[in-house]
Amino acid sequence: MEDIILWLKYLFLGVVQGATEPIPVSSSGHLIIAQRLMGIKQNGLSFEILTNTASLIAIVFIFREDIKKLIVGAVQYLRTRDQQYRAEFMFVLYIIIGTIPAALAAVLFKDRIEEVFASVHTVSIALLVTGVALWLIRNLRGRKRDGDLSTKDAILVGLAQAVALIPGISRSGATVIASIAVGMKQETALRYSFMLYIPISLGGLVLGASDIANDPNRSELAIPYLIAFITTLVVTYFSMRWFMGIMAKGNLKYFSYYCFIAGTLLLIFL
């Protein structure tokens, strides 16, 4: 019976991770809250890495055609310097530039950031901050398409992604907000945001491989981890598809309402 209860808890954690990773409400913040409510304490980063990897697989699958187009175009441009492939090459270059701030911050400060800020109080404040930011950009309709981005845009969005290392600050929210703020169209902002997610998540998987290999609870929690992984994979796919529809309609204000309500309730009750 205890095993079944544990499996259900990790099933729920997978749902939380999968549902919140693509949308601008902070998956890390919601996991902190869910783990506290269910009395689960994670030692190390194994669980976070596994669930992030599940989300990564789902998102790569959704954007597989875009990824293929970018890779082929960038390689062709490097080989031929044909201008018809320049837009894809530059977009890949901006992904690399935009990844650098968060990558450096993660390598240098991630453990310290999580140690200092991993609390429900911090998550509640961060949700309120995210809500304010979403509200401020709710009516913006940019004009920049994939081929109109600049190095400045990439750096600013990359810095926003670095700020999202703080639990409660949504990575997708920070990058989508920054992308729209610098003038990108909704579709471009969404694509650029999640293209930035891919190298960051891959880097986290590589750097965290030793955490998974050395996890003392690996055998004991193998089944719960597997349940959470599969659940996260499936739920992320449907959550991402849903969020793409929301972005197409420009209804980000509803996420700001959610952040205001969730952040306020956490401050009051937790």
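Please read all numbers here as calculations on a predicted model, not as lab measurements. Only heavy atoms go into these numbers, but all of them, side chains included; no hydrogens, no water, no symmetry mates.
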R141 atom CZ, over 12 foreign heavy atoms within 6.0 Å: yes
Other residues, nucleotides, ligands: >12 heavy atoms within 6.0 Å of R138 CZ: yes
N-O pairing of R191 and E187 below 4.0 Å: yes
Just verifying a value: how many Å separate [X] [atom1] and [Y] [atom2], rounded to the nearest 0.5 Å?
X    : Y    : atom1 : atom2 : answer
S201 : L196 : OG    : CG    : 12.5 Å
M240 : I23  : CE    : CD1   : 10.5 Å
S179 : L156 : OG    : CG    : 10.0 Å
K9   : I40  : NZ    : CD1   : 5.5 Å
Q186 : N251 : CD    : CG    : 9.0 Å

Quick one: are the ring centres of [X] and [Y] less than 6.0 Å apart?
X    : Y    : answer
F255 : F243 : yes
Y192 : Y94  : no
F12  : H30  : no
Y77  : F89  : yes

Heavy-atom donor-acceptor pair, N52 side chain to I49 backbone, under 3.5 Å: no
Main-chain N/O of F61 paired to R64 side chain as donor or acceptor, under 3.5 Å: yes
L11 side chain reached by L8 side chain, heavy atoms, under 4.5 Å: yes
Over all atoms of both residues, closest heavy-atom pair of A105 and L165: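 That closest heavy-atom pairing would be CB-CD1, 3.5 Å.
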